[in-house]
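Remember, it's a predicted structure, so these values are computed and weren't measured experimentally.
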Protein chains: 2
Amino acid sequence: MYPGVVARRKDPAVRTQLIERAAHMLRTREPITLRSLVAGTSMSTMAVYTHFGGMDGMWKALRQEGFTRLGARLAQVTPSADPVRDLTALVTAYLGNALDHPDLYRVMFDANFDLEDAQAADDTLEYLVQAAERGRRAGRYRADTNPLELATQSWAVAHGLVSLVATGPLPRPTLAHGPLLLTALFTATGDDPDRCRQSVEQGWQPGLADD
Amino acid sequence: MYPGVVARRKDPAVRTQLIERAAHMLRTREPITLRSLVAGTSMSTMAVYTHFGGMDGMWKALRQEGFTRLGARLAQVTPSADPVRDLTALVTAYLGNALDHPDLYRVMFDANFDLEDAQAADDTLEYLVQAAERGRRAGRYRADTNPLELATQSWAVAHGLVSLVATGPLPRPTLAHGPLLLTALFTATGDDPDRCRQSVEQGWQPGLADD
DNA sequence: ATACATAACATAGCTGTGCTATGTTTTGAT
DNA sequence: ATCAAAACATAGCACAGCTATGTTATGTAT
């Protein structure tokens with residue numbers, strides 16, 4: 001007998017190729033089907049099943065990839081001395097990501113969320129929570145402010161705006177309401193109105209409502 | 001010859017039956033396919049093509065139906081002497097509709113909006129615009145308030161919250177953030193903070209964050 | 001080096017999808 | 001009663017995702 005015999009292993013590169021190709025096809029608006037996904041490549045349809053268990057698993061992995069890219073974008077927001085500005089910048093980065101990859105953004109929130117995806121969403125939310133926490137410690141928000149709640153509220157505002165614009169009926173300039181909404185939220189959470197307006201304006205990167 | 005001969009007409013009842021059945025299947029989470037939609041009825045698959053031109057047209061009509069039902073629900077909010085309460089009540093009705101019919105709500109905002117759907121969305125938004133306009137005339141908001149903008153902002157807040165809850169990763173109690181967000185928005189638009197809080201609390205119908 | 005159990009991979013065919021083609025029936029103004 | 005037109009019924013098409021089955025590559029133990 002050969003007891004410890006172990007079989008051929010999955011090639012992680014194949015998995016990576018598949019989701020990157022899927023993301024690219026999503027961006028170029030090509031229909032993503034089992035066969036179209038592997039057409040022209042050296043991979044066969046079975047690769048989708050060995051690596052994802054089927055097309056549903058592939059879409060799930062693609063959602064995960066979307067959250068990973070979103071996280072990378074949020075990570076690029078470097079914390080400054082002004083945590084209110086930072087939270088605004090994070091929201092702006094969130095909007096920018098959704099506008100740059102509207103189809104991927106839709107896929108991320110389209111499907112029935114399962115536990116794994118919810119965790120991915122929570123992970124990106126954590127960036128906002130940290131900024132909210134720093135704002136509370138800096139005395140910008142009331143002492144009894146719950147950072148998770150403020151982060152969730154900011155997220156809801158951002159998601160509402162951008163989903164109505166990126167994949168909804170509202171025109172792009174509607175995003176210009178972002179600063180007002182964020183200022184209203186942060187002010188209601190305890191920040192000084194004038195100071196808040198300045199911080200939000202500094203954190204609100206240009207290139208969203210324009211072009 | 002028989003020049004003015006006119007052919008058989010479409011039976012509106014068939015169209016109604018189809019979309020009502022589709023709405024029911026959506027609610028009961030049955031997969032909606034061309035064949036499953038007409039299975040067990042006296043209608044054939046061709047009915048979908050004569051009345052909607054295909055499944056895409058059926059989905060479009062279903063979206064329209066969703067907006068019609070939303071409009072009916074918003075129409076049930078009877079204006080009171082307090083327009084801020086009324087706007088809150090409209091937002092609450094919007095949330096209630098989405099929570100009662102989450103799958104229909106998703107269909108409404110899922111697909112690529114075309115002109116017709118955008119018009120339907122605008123029509124329901126008009127309810128909010130009217131309430132905002134009355135609030136401005138009543139002196140609750142600043143005189144330079146744009147009712148359409150305030151309505152849009154209220155909509156964005158409501159949509160962000162409810163889409164993250166009804167079809168997203170956030171738990172239902174997250175909706176309890178609604179009053180704070182609305183109060184923040186209305187206060188930023190000029191309403192007196194204390195008075196606003198009261199109005200929002202009166203307009204915020206129970207039975208949302210609970211059960 | 002060789003054997004071989006295992007799983008990745010390749011291919012063909014299955015069911016079910018929306019849609020179209022074609023024939024039949026119903027309609028309603030003449 | 002006539003008959004053109006459109007609604008309706010049926011069958012079959014291409015393509016979707018998936019599964020069954022045979023083949024190949026792999027990595028450990030001999």
Side-chain angles (χ1 to χ4, degrees), chain A residues 1-26 28-64 103 106-107 110-112 114, chain B residues 1-26 28-64 103 106-107 110-112 114:
Chain A
M1 290 299 179
Y2 297 78
V5 166
V6 162
R8 186 175 175 183
R9 302 181 197 288
K10 295 178 190 174
D11 184 0
V14 174
R15 182 191 166 96
T16 303
Q17 276 181 305
L18 282 173
I19 63 173
E20 284 192 351
R21 178 164 163 79
H24 180 262
M25 292 176 73
L26 206 64
T28 55
R29 306 222 177 229
E30 301 167 77
I32 299 180
T33 72
L34 173 67
R35 288 173 177 82
S36 72
L37 183 57
V38 301
T41 74
S42 62
M43 300 175 285
S44 92
T45 58
M46 278 305 295
V48 174
Y49 288 85
T50 61
H51 288 278
F52 304 110
M55 282 303 282
D56 278 359
M58 193 284 297
W59 286 108
K60 188 167 157 182
L62 194 55
R63 274 198 293 281
Q64 212 80 17
D103 300 283
R106 182 188 333 212
V107 169
D110 188 20
N112 309 312
D114 46 29
Chain B
M1 290 299 177
Y2 296 81
V5 165
V6 163
R8 187 176 175 184
R9 303 181 194 287
K10 296 178 189 174
D11 184 0
V14 174
R15 182 191 165 97
T16 304
Q17 276 181 305
L18 281 173
I19 64 173
E20 284 191 352
R21 178 165 164 79
H24 180 261
M25 292 175 74
L26 206 64
T28 56
R29 307 224 177 226
E30 300 165 78
I32 299 179
T33 72
L34 174 66
R35 288 172 178 79
S36 73
L37 183 58
V38 300
T41 75
S42 62
M43 302 174 284
S44 93
T45 57
M46 278 306 294
V48 174
Y49 288 85
T50 61
H51 288 278
F52 304 110
M55 283 304 281
D56 278 359
M58 195 283 297
W59 286 109
K60 188 168 158 183
L62 194 55
R63 274 198 294 282
Q64 211 80 15
D103 299 285
R106 176 177 352 199
V107 169
D110 188 19
N112 309 312
D114 45 30

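Rounded to whole angstrom, the span from the CG atom of B/Asp56 across to the C1' atom of C/dT17 amounts to 13 Å. For the pair A/Leu37 CG and C/dC9 P, the interatomic distance rounds to 14 Å; values are reported in whole Å. Remark: P of C/dG28 and NZ of B/Lys10 are 15 Å apart, rounded to the nearest angstrom. In this structure, A/Met58 atom CE and D/dA16 atom P are separated by 13 Å, rounded to whole Å. Here the C1' atom of nucleotide D/dC3 and the CZ atom of B/Arg8 are 15 Å apart, to the nearest Å. At whole-Å resolution of the value, CG in B/Leu34 and P in D/dG12 are 17 Å apart.
Side-chain contact between A/Ile32 and A/Met58 is present, with at least one heavy-atom pair separated by less than 4.5 Å.
Near DNA chain D, meaning a heavy atom under 4.0 Å away, the residues from residues 40-55 of chain A are A/Met46, A/Tyr49, A/Gly54, A/Met55.
For A/Asp11 and B/Trp59, each mapped to the nucleotide of DNA chain C holding its nearest heavy atom, the one lying further toward the 5' end belongs to A/Asp11. Summary of the strand contacts: A/Arg9 and B/Arg9 both lie near DNA chain D, and taking for each the nucleotide with the nearest heavy atom, the more 5' one is attributed to B/Arg9.
Contact annotation: side chain of B/Arg35 to base of C/dG16, donor-acceptor pair absent below 3.5 Å.
Under the side-chain hydrogen bond (donor to acceptor under 3.5 Å, both in side chains) criterion, the residue pairs touching residues 51-61 of chain A are A/Lys60-A/Asp114, A/Lys60-A/Glu116, with sequence neighbours excluded. Residue pairs meeting the salt bridge (Lys or Arg N to Asp or Glu O under 4.0 Å) criterion with at least one member in residues 7-16 of chain B, sequence neighbours excluded, do not occur.
Remark: B/Arg63 pairs with B/Asp117 by the salt bridge (charged side-chain N to carboxylate O under 4.0 Å, His left out) rule, at least two apart or across chains. Not counting sequence neighbours, the partners of B/Arg29 by the salt bridge (charged side-chain N to carboxylate O under 4.0 Å, His left out) test are B/Asp103. Among residues two or more places apart in sequence or in another chain, the side chain to side chain contact (heavy atoms under 4.5 Å, CB included) test is passed with B/Leu18 by B/Val14, B/Leu37, B/Val38, B/Met43, B/Ala47, B/Val48, B/Phe52.
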